[in-house]
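Computed over heavy atoms, backbone and side chain alike; hydrogens, waters and symmetry mates excluded. Chain letters run A, B, ... following the sequence lines, proteins first and then strands; every chain starts at 1.
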2 protein chains.
Amino acid sequence: MPVKDWLPAAVRAAAIDRKLKSGEALFRLGDKTAGFCEVLAGRVRLTRVDRAGHEVILYVAGPGETLAEASLFSPAYHCDAIASSDALVRIYPKSAVLAAFEKDRKAAQAFTAMLARQVMNLRTRIEQRNIRSARERVRHFLALNAGADGRTIELDGTLKDLAAELGLTHEALYRTLAELERSGEIKRGRGKITVLRKRKI
Amino acid sequence: MPVKDWLPAAVRAAAIDRKLKSGEALFRLGDKTAGFCEVLAGRVRLTRVDRAGHEVILYVAGPGETLAEASLFSPAYHCDAIASSDALVRIYPKSAVLAAFEKDRKAAQAFTAMLARQVMNLRTRIEQRNIRSARERVRHFLALNAGADGRTIELDGTLKDLAAELGLTHEALYRTLAELERSGEIKRGRGKITVLRKRKI
DNA sequence: CGGCGTTTTGAGAGAGCTCAACATCGGTGG
DNA sequence: CCACCGATGTTGAGCTCTCTCAAAACGCCG
């Protein structure tokens, strides 16, 4: 769900871009909240540091993903945000966002609806992670991401990216796809997968 | 995050309780949306059915959890909701909820803030599932759920429940906790765990 | 006491991870 | 045009780890 689709143009116009070197902090726990962010390039990790000084990872945001939406409703950040690689982020100032929501009820509702959809998607992804078997996990993904015809799945990124999204090593994913293709269950094309026939459990 | 904390009393007063037999549908894909639900007892699963007629599970909601928040912004449900056991659900009528949000800006904001926090929590849980090792996953949980002293973790349910939340079999969790205790890293008490010393990864 | 669910521990097997080598593709520069 | 390079894609072999199945101890409650 691209930011474009749910954030008013007025707010987007007020955005500030910021470049981060790998290891540089976007914000730290306790900092006054500036707004929420969209990662344009690179990776930014949200972390907390435990008593022993170890970093505990909460979330890793990649290109196109947003972070710190909850900061809109909090005076201070609740974790650290550190660039895991050189990164480019776009900051949507809290004041501009809240002002827009105050003025335009539709905009506020679009934001809420986006969050509700995101909750739904995240729950589904967790459900997917409950599936142990690589084959079943891939089938789950294929069933949920089939296009209009119910048989064709368009792949956006690389298979490596998909492996990460599925929580598998890329080797395991390659092997599983190869198996499914050998057994005649799927057919692979450039950037897409076609489901030919369904399994017998 | 109990419903009580973010839903106005006026809306809660308009709620309708409904009993479901195991296997009974709360709603079906395409049904006109009635509102969002809270599961009071039992389990309700959200599913879709793929081309081959197989049920694909999106989410399983247990007691205290809510579902179909996104239905507030959609004219029809996008999946099926089926009771996996005898269940009791509370339905918050869409009209009452939206009316309350329309009238009371604070209520709408509380709802949005709750969703933003939930997104945060779900992302963290997914991050946890990315950890393969049972030991590291348990450590991650302990680090994130430590109380004010940073060393004591209160356990709400049984260890079996915790195992399910962590995505481990209960045997694996028992063994891991036993190992951690043997090695002196943690100490277990009735319904709580105390972290004694940390380990270097 | 007897029954039920949780907690524990054991042994074994399977599945995915790790490490490693190699193929393939796309872009770059000589 | 071709050699080179890096990232993606692919396959192989071994191993660790968790899951599965099994059995028993423990705790709670009627």
Side-chain angles (χ1 to χ4, degrees), chain A residues 22 41-43 62-63 84-87 125-142 153-183 185-194 199 201, chain B residues 41-43 62-63 84-86 126-142 153-194 199 201:
Chain A
S22 179
R43 297 192 157 273
S84 288
S85 66
D86 288 357
R125 197 183 286 201
I126 287 179
E127 204 58 45
Q128 180 185 67
R129 296 303 180 92
N130 284 338
I131 303 172
R132 320 263 178 211
S133 153
R135 182 174 305 189
E136 288 306 319
R137 205 180 281 187
V138 169
R139 284 186 180 132
H140 189 263
F141 169 81
L142 293 176
I153 296 90
E154 298 287 339
L155 303 178
D156 286 335
T158 68
L159 287 180
K160 271 185 96 159
D161 296 337
L162 177 59
E165 187 184 324
L166 292 179
L168 298 170
T169 58
H170 57 281
E171 295 101 317
L173 177 60
Y174 292 141
R175 276 187 251 270
T176 304
L177 289 177
E179 270 176 41
L180 292 178
E181 189 161 31
R182 263 199 301 279
S183 76
E185 189 169 331
I186 65 171
K187 180 84 174 65
R188 285 198 277 170
R190 338 173 345 86
K192 68 172 186 178
I193 296 178
T194 307
R199 52 58 185 279
I201 304 181
Chain B
R43 298 191 157 272
S84 288
S85 66
D86 287 358
I126 287 179
E127 204 58 44
Q128 180 185 69
R129 297 303 181 91
N130 283 338
I131 303 172
R132 321 263 177 212
S133 154
R135 180 174 304 185
E136 288 307 319
R137 206 181 281 187
V138 170
R139 283 190 182 128
H140 189 263
F141 169 80
L142 294 176
I153 295 90
E154 298 288 338
L155 302 178
D156 287 332
T158 68
L159 287 180
K160 269 185 98 159
D161 295 338
L162 177 58
E165 188 183 325
L166 292 179
L168 297 170
T169 57
H170 58 278
E171 295 100 318
L173 176 61
Y174 292 139
R175 276 187 250 269
T176 304
L177 289 177
E179 272 176 38
L180 291 177
E181 188 160 32
R182 263 200 300 279
S183 76
E185 188 170 333
I186 65 171
K187 180 86 174 64
R188 284 197 277 171
R190 339 175 341 88
K192 66 172 186 176
I193 296 176
T194 307
R199 267 230 1 184
I201 304 190

Query raised in the report: Rounded to the Å, how far apart are L159(B) CG and dT9(C) P?
Result: 12 Å
Report summary line: Separation of dT6(C) atom P from L168(B) atom CG, nearest Å, is 17 Å
Query - Integer-rounded Å distance: dT18(C) P and E171(A) CD - result: 8 Å
Query raised in the report: Does a distance-only test, which skips hydrogens and angles, find a donor-acceptor pair under 3.5 Å between the side chain of R175(A) and the base of dG9(D)?
Result: no
**Report entry** OP1 or OP2 of dG16(C) under 4.0 Å from side-chain N/O of T169(A)
**Finding:** no
Requested in this report: Could you state the atom-to-atom distance from CD of E181(A) to P of dT11(D) in whole Å?
Outcome: 10 Å
Requested in this report: Please check the phosphate of dT24(C) (OP1 and OP2 only) for any side-chain N or O of R190(A) closer than 4.0 Å.
Outcome: no
Report task. Look only at the side chain of R137(B) and the backbone of G167(B), and say whether a donor-acceptor pair between them is shorter than 3.5 Å. Result -> yes
Report summary line: Between H170(A) and A134(A), the residue closer to the 5' end of DNA chain C by nearest nucleotide is A134(A)
**Report entry** Ion pair check, E179(B) and R182(B), cut-off under 4.0 Å
**Finding:** no
**Report entry** Nucleotide of dT7(C), dT9(C), dT11(D) approaching A178(A) most closely (side-chain heavy atoms)
**Finding:** dT11(D)
Requested in this report: Quickly work out the L180(A) CG to dT10(D) P distance and round it to whole Å.
Outcome: 13 Å
Requested in this report: Mark yes or no for whether S85(A), through its side chain, and R43(A), through its backbone, hold a donor-acceptor pair below 3.5 Å.
Outcome: yes
Query raised in the report: Can you tell me how far C1' of dG27(D) sits from OH of Y174(B), to the nearest Å?
Result: 12 Å
